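For reference, the structure is listed below as structure tokens.
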Amino acid sequence: MAARSNALGELTRFWLQARHGCLIDESVAVRVPYGNSDIDLVAMRPDGTPWQLPDGTPITRAIIETKDEHDFDSGGRDFAKRLRADVAALGDGSWIPKAQKAHFSMLRQEHFDKAVQIFGSDDFDRLFVVHALEQTTRSELGPLLATRRIQWLTVHELVDDLLSWYGPGKGQAALRHTLVGDLWHLLVGYCGMRRSGGAG
């Protein structure tokens with residue numbers, strides 16, 4: 001059984017493994033003041049070759065944080081407010097210093113340092129997979145954060161990417177060896193479900 005039980009986390013894991021052929025580690029413990037945090041997912045291909053985000057951005061090594069509050073913040077406005085606060089705390093740096101609060105934990109210095117320890121260098125990306133992020137904030141801050149190798153992906157983009165990839169020759173039957181793959185194969189492959197207005 002997977003260590004993670006969050007639906008977005010499991011869908012992201014499926015996207016990384018089935019779609020991109022990544023090896024992953026999950027729930028990597030990170031010591032923070034007064035407790036423990038974690039890195040949701042660590043991903044890279046076994047041969048070290050890059051894979052691409054839906055917008056074409058190449059990724060070779062990444063730590064991934066998934067955050068889903070679609071039942072509370074369907075438009076991603078609260079996430080946008082939190083992100084603006086975190087970007088202010090980042091300043092011109094690559095991480096939020098240990099003494100300061102971070103809403104998105106993977107922006108913390110401790111998580112950055114842990115990723116450096118894992119990969120042996122700072123040659124990695126941080127990818128946030130969220131249910132939504134208000135578009136004005138994303139348009140304003142996305143390019144700035146991308147220069148620091150901080151990327152954003154919504155569940156709609158992730159599902160559209162899976163839909164565009166899935167099809168004959170992708171070993172659909174082999175997907176049934178995992179729970180999420182089997183659900184995908186049943187709902188999309190057998191039932192023909194598609195996202196309204198999306199790919200497929």
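Count residues from 1 along the sequence. Note: hydrogens, waters and symmetry copies are ignored here, and every other heavy atom, side chains too, is used. This one's a predicted model, so the numbers in the text were calculated from it and none came from an experiment.
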Aromatic ring proximity Trp15/Trp51, centre distance under 6.0 Å = yes
Does Glu140 come within less than 4.0 Å of Arg84, counting only side-chain N to carboxylate O?
-> yes
Between Arg195 and Asp160, is there a salt bridge with N-O shorter than 4.0 Å?
-> yes
Atom OG1 in Thr49, atom CD1 in Ile59: separation rounded to 0.5 Å?
-> 13.0 Å
Taking everything shown except Asp92 itself, do over 12 heavy atoms lie less than 6.0 Å from its CG?
-> no
Which distance, rounded to the nearest 0.5 Å, do you find between the CH2 of Trp184 and the CG of Leu162?
-> 4.5 Å
When rounded to the nearest 0.5 angstrom, what distance separates CE in Met44 from CG in Asp125?
-> 12.0 Å
When rounded to the nearest 0.5 Å, the distance separating NZ of Lys98 from CG of Asp113 is 6.0 Å
Can His131 and Thr154 be counted as having a side-chain donor-acceptor contact under 3.5 angstrom?
-> no
Arg77/Glu69 ion pair, N-O < 4.0 Å = no
Does Asp38 reach the main-chain N or O of Val28 with its side chain, forming a donor-acceptor pair under 3.5 Å?
-> no
On a heavy-atom basis, the closest approach of Gln100 and Ala89 is OE1-CB, 3.6 Å
Does the ring centre of Trp152 sit less than 6.0 Å away from the ring centre of Phe104?
-> yes
Is Lys67 close enough and on-axis enough to Phe128, meaning under 6.0 Å and within 45°, for cation-pi?
-> no
Which atom names give the shortest non-hydrogen contact between Glu65 and Met106, and what distance separates them?
-> OE1-N, 2.8 Å
Should the pair Arg82-Asp86 be classified as a salt bridge under the 4.0 Å nitrogen-to-oxygen rule?
-> no
